[in-house]
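Chain A is the first sequence line, chain B the second, and so forth, proteins listed ahead of strands; every chain is numbered from 1.
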Amino acid sequence: MLDIKLIRENPEVLDNALKARGAEPKAQELLALDEKRRQVMTDLQELQQRRNEISSLVGSLKAKGEDASHLFEEMKTIGPKMKDLQEVERQAQEDFTGLLEGLPNIQDADTPEGQDEENNVVVHTYGEPTSFDFEPKAHYDLGEELNQMSTELGAKIAGSRFTWLQGDIARLERALGQYMLNKQTEQNGYTEVNPPLMCNADSMYAVGQLPKFEEDLFKTAEGYYLLPTAEAPLTNYARNEIFSEKDLPIQLTALTPCFRSEAGSAGRDTRGYLRQHQFMKVEMVWFVKPEDSMEIHEKMRRHAEEILEDLKLPYRTVRLCAGDLSANARRCYDLEVWLPAQNKYREISSCSNFGDFQARRMKARYRDEERNTQFIHTLNGSGLAVGRTLIAVMENYQQADGSIKVPEVLIPYMGKDIIKAS
RNA sequence: GGAGACGUGGCCGAGUGGUUUAAGGCGCACGCCUGGAAAGCGUGUUGAGCGCAAGUUCUCGCAGGUUCGAAUCCUGUCGUCUCCGCCA
């Protein structure tokens, strides 16, 4: 959620930001609703003030044992007036916050222009696309031939976009998750969290999953939502909190399954393990003081990149252009890993700085040196998507005979250096 | 699942219809005192909205309702705890 005060002062900043994202200007409409809301609030408060005055007068008269009934006359007229005005106020607030909460964040000034991913800017490249002296196979073919990955079984047991892993490939995915989580906790300072895997609606609203993306979420009969990313539970740690300055920064990480209905992705990436209803991911979340968020963002991006470098997987990092930026983000890097079978780079991590946008919506604050409360800045990033990392390892480490070499850093976790057909 | 109890500020805790503008205490901050500290004394201390300001309004888990007036009464809801049952 944006700060209305900033928009009052600089409405053109909002409209320029919306334009860059490919959206219509909204400042004028928003300010009109703001004006109306404030007028109604003032009117209502005058009535409330009068009611409080009379009420306290009644109290003092009664305390002295005197008659106060002559004051009820006016009070009786205030009641209905207040009720009407409260309804007007509620509507005005709803109109105003409805529009304000629907607006995306204002992206950083140096955000690349552009409408879609074509205009993202490559800022960093590691390694070269893996070369083979044979025709590399897709991970799903490798997995089937190893008899350790079955979409058929996934479909039989659950449905499409579910996969059955077994044997060394199942273990490889677990090894990847362990490796990442250990690295983030032992070397990069994150606190390991084992959060609820379902969230209530309040939490989902706080991180912006609701109301916009309801159709992408799995919902239980009891009204819980399966988490689409551990960002949801981890970020909600800060909801309605006021941290002391000395508490910050706070950095959390979790290895969790993520559940997405992929309602809008019918027909995309239908083969293989790339786009599943359920996948494992290590998530990193930071709560920081405003002045630190830019620096932390770069740091967190490195925490993601280093995993790929440890695994010696070729990748590139892109800075998202305005049109490709998610609504909450003011600045975002995507990490894209090389997938030989697709002959292209595919997203494997997204590292975002939300500024105070998310914090304002969920009332996450800290008390600064002058004892004022200020909104914190929130950041999150994947470190990394484990399922997609499994694909990348399988495809980049495949051998001519269909076996898969185990990346060096994972050998201790696997107890072997090569995965062969079982 | 059954029965019951309870939700008040950073924490404890008083408050059962009207100067509650939420007592009192603890903690915390600042000041006085001190060679320094402790103790003691004094002041401050929920959060948010509107306003240039003075100020004003809201906030007693949340949402409704009753009433001239609600922390207080009623209904619903969420949460916590206790006992019983079931259970990994």
Side-chain angles (χ1 to χ4, degrees), chain A residues 1-9 30-101 194-206 210 219-225 233 236-248 250 257 287 356-376:
Chain A
M1 192 165 79
L2 293 168
D3 185 355
I4 185 61
K5 286 177 192 156
L6 294 181
I7 299 173
R8 275 182 214 146
E9 285 160 22
L30 184 69
L31 291 180
L33 291 173
D34 179 44
E35 186 58 39
K36 170 157 193 214
R37 171 188 77 112
R38 288 195 284 169
Q39 184 56 53
V40 173
M41 281 170 75
T42 305
D43 294 348
L44 179 61
Q45 280 178 22
E46 278 169 18
L47 280 178
Q48 287 170 328
Q49 185 176 359
R50 185 63 190 145
R51 180 201 59 186
N52 290 346
E53 280 167 10
I54 297 178
S55 190
S56 126
L57 203 53
V58 172
S60 62
L61 285 177
K62 288 239 172 180
K64 284 184 264 176
E66 293 173 22
D67 180 45
S69 51
H70 60 286
L71 292 168
F72 294 170
E73 202 71 11
E74 184 180 353
M75 280 295 254
K76 277 179 179 162
T77 66
I78 291 178
K81 273 193 218 160
M82 264 183 56
K83 206 153 202 174
D84 291 348
L85 214 47
Q86 268 167 353
E87 176 53 27
V88 176
E89 195 226 8
R90 194 197 57 76
Q91 189 62 50
Q93 289 285 7
E94 191 180 303
D95 293 346
F96 170 74
T97 53
L99 180 57
L100 183 63
E101 286 180 358
N194 190 342
L197 300 180
M198 299 182 220
C199 293
N200 58 33
D202 284 349
S203 294
M204 288 305 195
Y205 275 103
L210 289 176
K219 187 178 185 180
T220 73
E222 295 79 6
Y224 295 112
Y225 295 88
N236 270 281
Y237 176 81
R239 174 157 56 98
N240 293 330
E241 294 292 337
I242 302 176
F243 297 111
S244 304
E245 190 166 9
K246 64 176 165 43
D247 293 335
L248 301 178
I250 293 168
F287 306 121
D356 63 6
F357 187 85
Q358 209 171 35
R360 181 169 285 106
R361 180 167 42 203
M362 66 176 181
K363 300 182 177 64
R365 295 151 291 175
Y366 82 104
R367 212 178 291 284
D368 66 19
E369 281 166 354
E370 287 90 44
R371 290 189 54 76
N372 296 317
T373 58
Q374 268 198 63
F375 290 109
I376 59 170

Distance between the C1' atoms of B:rC12 and B:rC78, in whole angstroms? 24 Å

Using the P atom in both, what is the distance from B:rA88 to B:rG15, to the nearest Å? 46 Å

Within the distance-only criterion (no hydrogens, no angle test), does the side chain of A:Ser244 pair as donor or acceptor with the backbone N or O of A:Lys246 below 3.5 angstrom? no

Can you tell me the base-pairing partner of B:rG4? Count Watson-Crick or G-U wobble geometry only, both distances below 3.5 Å, and say none if there is no partner. B:rC81

More than 12 foreign heavy atoms under 6.0 Å from CG of A:Asn194: is that the case here? no

As a test of reading the structure: which of B:rC68, B:rU57, B:rC50 is closest to the side chain of A:Met41, going by heavy atoms? B:rC50

P gap between B:rU82 and B:rG76, integer Å: 25 Å

Which nucleotide, if any, forms a Watson-Crick or G-U wobble pair with B:rA70, using both distances under 3.5 Å? none

Given B:rC58, B:rA48, B:rU66, which nucleotide is nearest the side-chain atoms of A:Gln48? B:rC58

Winner on side-chain proximity to A:Lys76, out of B:rC68, B:rU57, B:rG47, is B:rC68

Selection from B:rG47, B:rC58, B:rG18 that lies nearest to any side-chain heavy atom of A:Val58: B:rG18

Heavy atoms from C-beta onward define the side chain here; which of B:rC58, B:rC50, B:rG18 lies closest to that of A:Ser55? B:rG18

B:rG47 and B:rC60, which share atom name P, separated by this distance in whole Å: 16 Å

Please report the distance separating the P of B:rA39 from the corresponding atom of B:rG49, rounded so that it comes out in whole Å. 37 Å

Please report the distance separating the C1' of B:rG13 from the corresponding atom of B:rC26, rounded so that it comes out in whole Å. 10 Å

Does the structure show a Watson-Crick or G-U wobble partner for B:rA14, both distances under 3.5 Å? Name it, or say none. none

Any side-chain heavy-atom pair of A:Asp202 and A:Arg239 under 4.5 Å: yes

Tell me which nucleotide among B:rC50, B:rU66, B:rG69 gets nearest to the side chain of A:Thr42. B:rC50

Under a 3.5 Å cut-off for both distances, is B:rA88 Watson-Crick or wobble paired, and to whom? none

Looking only at heavy atoms, which two atoms of A:Asn236 and A:Ala206 are closest? And how far apart? OD1-CB, 3.5 Å

A:Glu53 or A:Arg367: which one's nearest nucleotide on RNA chain B is closer to the 5' end? A:Arg367

Watson-Crick/G-U partner (both atom distances under 3.5 Å) of B:rG44: B:rC28

Are more than 12 heavy atoms, taken from residues, nucleotides or ligands other than A:Tyr224, located less than 6.0 Å from that residue's OH atom? no

Between B:rA48, B:rC68, B:rC50, which nucleotide gets closest to the side-chain atoms of A:Arg365? B:rA48

With P as the reference atom in both, quote the distance from B:rG64 to B:rG44 in angstrom, rounded to an integer. 35 Å

With no hydrogens and no angle check, do the side chains of A:Asp43 and A:Gln39 hold a donor and an acceptor under 3.5 Å apart? yes

Taking atom P in both B:rG2 and B:rG85, compute the distance separating them and give it to the nearest angstrom. 16 Å

Would you please confirm or rule out a distance under 4.0 Å between OP1 or OP2 of B:rG18 and any side-chain N or O of A:Asn52? no

Expressed as a whole number of angstroms, how long is the span from A:Leu33:CG to B:rG49:P? 19 Å

Which of B:rU66, B:rU56, B:rC58 is nearest the side chain of A:Lys83? It is B:rU66

